[in-house]
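Quick notes on the structure that follows.
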Amino acid sequence: MHFDYTYFDYLAQQPGGLTDVQFNEDPSQSNRKRNYFAVNWNLFALRFKHKFANDADFSLQLFGLDASRKTVGFRSNRVDIPDSEGNIRDLIIGDFVNWGAEARYLQSYKLGNNKSTFLIGGKYYQSRNTALQGPGSAGSNRDFHLATADFPTYANQSGYAYPNLNYSVFGENIFKISPKFSITPGLPIRKNKNPSGRNLPENQCRPGRKCDLG
């Protein structure tokens with residue numbers, strides 16, 4: 001049995017872009033000192049393998065992801081427009097939650113004088129990702145909370161959920177006809193449910209809180 005866990009977390013203060021004129025004046029300058037980008041990443045994997053005495057193997061893998069990506073900042077279409085405290089900032093939050101499992105059974109057997117192999121397995125995957133955009137605070141700190149109460153008429157407001165569910169069973173057989181020739185027929189059966197992104201209810205994206213995954 002083997003378990004893997006990956007944790008990744010960082011916060012970056014993004015300086016924004018420069019025009020050619022600004023770059024020639026001072027390439028180290030920035031007029032976007034209130035822009036921040038944050039990532040939090042948790043990745044899990046559990047693997048189990050077992051070898052049977054009758055030339056057979058079984059493996060099971062469980063995996064999952066719990067991650068978020070957040071950005072807040074003044075995002076004018078022109079980079080030469082200076083930013084200052086008091087201007088409304090744009091907030092974008094993405095949450096990514098998914099998990100799955102895959103199991104395989106492998107059996108080797110003799111076919112004449114050659115060793116053939118039979119495989120059967122199944123896989124399950126489920127995810128629910130959300131995307132949220134709305135008004136951020138007008139301050140200068142790294143505030144990743146919605147400020148809808150302060151800016152209720154902000155133009156760029158949206159909230160979407162992207163659910164996904166798929167599962168499959170599969171099987172194949174390697175028929176070893178000779179040491180240099182084999183035939184491998186296989187059959188996968190898949191089911192996928194992937195509805196288009198839908199709007200999140202307003203009560204799941206309240207001001208001052210992270211968008212609720214439900």
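Everything numeric here is computed off the predicted structure, so don't read it as measured data.
Between Gln133 and Asp90, the side chains place a donor N or O and an acceptor N or O closer than 3.5 Å (distance only, hydrogens not considered). Side-chain N/O atoms of Gln107 and Tyr109 include no donor and acceptor closer than 3.5 Å.
The side-chain hydrogen bond (donor to acceptor under 3.5 Å, both in side chains) check on Gln61 picks up nothing, with sequence neighbours excluded. Qualifying side-chain hydrogen bond (donor to acceptor under 3.5 Å, both in side chains) partners for Ser182, counting only residues two or more places apart in sequence or in other chains: none. For Phe3, there are no ring-ring contact (aromatic ring centres under 6.0 Å, His included) partners, not counting sequence neighbours. With sequence neighbours left out, Arg69 forms a salt bridge (Lys or Arg N to Asp or Glu O under 4.0 Å) with no residue at all. Legend: residues meeting ring-ring contact (aromatic ring centres under 6.0 Å, His included) with Phe181, ordered by chain and number and at least two apart, are absent. By the side-chain contact (heavy atoms from CB on, under 4.5 Å) test, Asn113 pairs with no residue at all, sequence neighbours left out.
Among residues at least two apart or in separate chains, salt bridge (charged side-chain N to carboxylate O under 4.0 Å, His left out) pairs with a member in residues 46-65 are Asp4-Arg47, Lys51-Asp57, Asp55-Lys115. For the salt bridge (charged side-chain N to carboxylate O under 4.0 Å, His left out) condition, the pairs that include at least one residue of residues 22-43, sequence neighbours left out, are Arg34-Asp83. Annotation: ring pair (Phe, Tyr, Trp, His ring centres under 6.0 Å) contacts involving residues 13-50, sequence neighbours excluded, comprise Tyr5-Phe44, His50-Phe52.
Of the options Thr130, Asn42, Asp66, a side-chain contact (heavy atoms from CB on, under 4.5 Å) to Val97 is made by Asp66 and by none of the others. Results of the side-chain contact (heavy atoms from CB on, under 4.5 Å) test with Thr71 over Val39, Ile92, Asn35 single out Ile92 as the only residue that passes.
Here the closest heavy-atom approach between residue Tyr124 and residue Phe63 is recorded as O-CZ, 4.4 Å. For the residue pair Ala38 and Leu11, the shortest heavy atom distance occurs at CB-CD1, 3.9 Å. When all heavy atoms are compared, the tightest approach of Gln22 to Gly17 is OE1-O, 4.4 Å. Heavy-atom minimum distance, Asn114 versus Ser178: ND2-CA, 3.6 Å.
When side chains are defined from C-beta on, Ile189 does not count as touching Phe170, because their heavy atoms never get closer than 4.5 Å. Annotation: side chain of Gln157 is in contact with side chain of Pro135 (closest heavy-atom distance under 4.5 Å).
Clustering of Ile, Leu, Val, Met, Phe, Trp and Tyr by side-chain heavy atoms under 4.5 Å joins Phe74 with Ile81. Cluster note: Phe151 groups with Ile88, Tyr154 through ILVMFWY side-chain heavy atoms spaced under 4.5 Å, whether in direct contact or through intervening members. Under a 4.5 Å side-chain heavy-atom criterion applied to ILVMFWY residues, the cluster that includes Val21 comprises that residue alone.
Residue Asn141 places its CG atom among more than 12 non-hydrogen atoms of other residues, nucleotides or ligands, all under 6.0 Å distant.
A donor-acceptor pair under 3.5 Å is absent between the side-chain atoms of Arg190 and the main chain of Ser168, judged by distance alone.
Distance check, rounded to the nearest 0.5 Å: CZ of Arg128 to CD of Gln126 gives 10.0 Å.
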